[in-house]
Amino acid sequence: MLPASQAEAMILDLVQPLDGKRHGEVVTLLTAIDRILAAPVVSQLDFPHWDNSAMDGYAVRYEDVKSCHADQPIALEIVEEIRAGQAPKREIKPGQAARIFTGGVMPSGADTVVMQEHTKREGDRVMILTAPPEEKAFVRQGASYYQAGTPLLLPGIALQPPELAVLAAAQCTQIKVYRRPRVAILSTGDELITPDQPLQLGQIVDSNQYALAALVAQTGAEPLHLGIFPDKPNVLRRAISQAIATADVVLSSGGVSVGDYDYVEQILAELGATIHIRAVAVKPGKPLTFATFPASAASKHKPVLYFGLPGNPVSALVSFWRFVQPALRKLSGLAHSWGPMFVQARSQHDLKSDGQRETYLWGQLHLIDGAHEFHLADGSHSSGNLINLAQTNGLAVIPIGQPAISKGEIIRVLQVGTPLIPLTQTEQY
Ligand SMILES: Nc1nc2c(c(=O)[nH]1)N[C@H]1C(S)=C(S)[C@@H](COP(=O)(O)OP(=O)(O)OC[C@H]3O[C@@H](n4cnc5c(N)ncnc54)[C@H](O)[C@@H]3O)O[C@H]1N2
Ligand code: MOO
Ligand SMILES: [Mg+2]
């Protein structure tokens, strides 16, 4: 059994990210959220595009106002009004000023803006009432935020609202992103039924299909629902062989332990896969099969990754969070932050394990007054109990050889699911 960190490193090492040139697609600004940028973005525009005013006030020549004083206001002749969106028409000469509004283009000749509150208007004249402004005050200088032709956004970043604002401002309306990795999901087991079928004694609903498909979509990949396959080697071989021909990654659940009807590993070997991992020293999630199929014309010249996840519902989810999600992030073209994301938290409960495998106990992670707290889920921590997995957003890690952790100790917690909402101590109760 491989230690978890070694398994993670081995998997990430074998993941070849999608290629921006061959595996890109173009999306629009309205559909680009969360997509991964596949090519650098360079703008031919400066930011700001031109010198403009940061205030409602008067555009003046610094030379004219540098000696003004509260007791000795300076009067300037107003020769023009410049609203945002209007091009100035006049040059400001000595003794002159332009009325200007926030965002208005600075007229030539003027280099400084005096805010309206420091002035008094008298007909066509403006009196500057205060101490002199600083030279170039309240002027947003053209190209001071960004110079045309230099890199604006680098490939490999996930497009979030700030990046979409940048792209819109740069008039990039067609955006090259990596296509979503295609992830085939298949459930194995004679006992499995779909949620709408009547339950007979011994049967179990295929919950993994739904959890895994949602996790895949949440990671930005495209889930391909292949459905349920019985523990029949011929049927399963055909299903796996079709899955590897259509997907970048295949996730199966079940059939990876030592039972007489656990066929996945044998089929992978028959189909020519290289099996890299058979078991990992984690609980839940020990029987994890990780294999790769060599690149072929059918796989668009990319190796196909195969994760044979354990069938137990909690084991399947934990294996996904711990090993599959980082691999999908790397594959998707993301340049960094593949995870997994561990935080330090104070345990609110005594925690126990058998000390043999790195153990993940599920529960809730709260961020209270800036510090993380871990609350263990009530009830059984059997890998077959998915009921108390609801509302999980953290997995407490109990290291190998440290079977007991006391309430109040600081532990490592794998953060999963949606980001934490900070609470204050009073809000918590
Ligand atoms: N003698 C041993 N037995 C087992 C070992 C072992 O080391 N020696 N390992 C145990 C561990 S740990 C796990 S985890 C499971 C993994 O089993 P498999 O991956 O082979 O999965 P199955 O046997 O097919 O099913 C296990 C369990 O999960 C339920 N299941 C399967 N698929 C689904 C699904 N899609 N949705 C919901 N539930 C599912 C299935 O009905 C079984 O109850 O092996 C232990 N055994
Ligand atoms: O590893 Mo199994 O995943 O303990 O239930
Ligand atoms: Mg089994």
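Computation of the quantities below employed the complete heavy-atom set of this structure, encompassing side-chain atoms and omitting hydrogens, waters and symmetry-equivalent molecules. Both ligands and their constituent atoms are indexed starting at 1 by order of listing.
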Evaluate the side-chain hydrogen bond (donor to acceptor under 3.5 Å, both in side chains) criterion for residues His366 and Gln364: first the C-alpha distance (whole Å), next the side-chain angles of each, then the deciding distance (0.1 Å), finally the verdict.
CA-CA 6 Å; His366 294 289; Gln364 270 121 47; 4.5 Å; no
Could you tell me, atom by atom, which parts of ligand 2 come under 4.0 Å of a heavy atom of Asn312?
5 (O)
Quick check on contacts: which atoms of ligand 1 are under 4.0 angstrom from a heavy atom of Val205?
36 (N), 37 (C)
Does Gln209 reach ligand 1 with a nitrogen or oxygen that is under 3.5 Å from one of the ligand's nitrogen or oxygen atoms?
no
Does Ser315 have a heavy atom less than 4.0 Å from any atom of ligand 1?
yes
Only one of Lys302, Gln16, Arg179 passes side chain to side chain donor-acceptor pair (under 3.5 Å) with Asp248, and that residue is Arg179
Check: Val256 N/O within less than 3.5 Å of ligand 1 N/O
yes
Look only at interatomic distance and state if Pro310 has a nitrogen or oxygen under 3.5 Å from any nitrogen or oxygen of ligand 1.
no
Cut-off under 2.8 Å, centre the Mg ion (ligand 3), protein N/O/S atoms:
Asp262 OD1, Asp262 OD2
When you measure from atom 15 (C) of ligand 1 to every protein heavy atom, which one gives the shortest distance, and what is it?
Asn312 ND2, 3.6 Å
Any Gly255 heavy atom less than 4.0 Å to ligand 1:
yes
Enumerated ligand 1 atoms positioned under 4.0 Å from heavy atoms of Gly254
19 (O), 21 (O), 24 (O)
According to the interplanar angle, ranging from 0 to 90°, do the rings of Phe290 and His276 count as parallel (below 30°), tilted (30 to 60°) or perpendicular (above 60°)?
tilted
Would Asp262 count as being in polar contact with ligand 1, using the rule that some N or O on each side must be under 3.5 angstrom apart?
yes
Using the benzene-type ring in the case of Trp, are the ring centres of Tyr178 and His23 under 6.0 Å apart?
no
Decide whether the shortest distance between a heavy atom of Pro284 and an atom of ligand 1 is less than 4.0 Å.
no
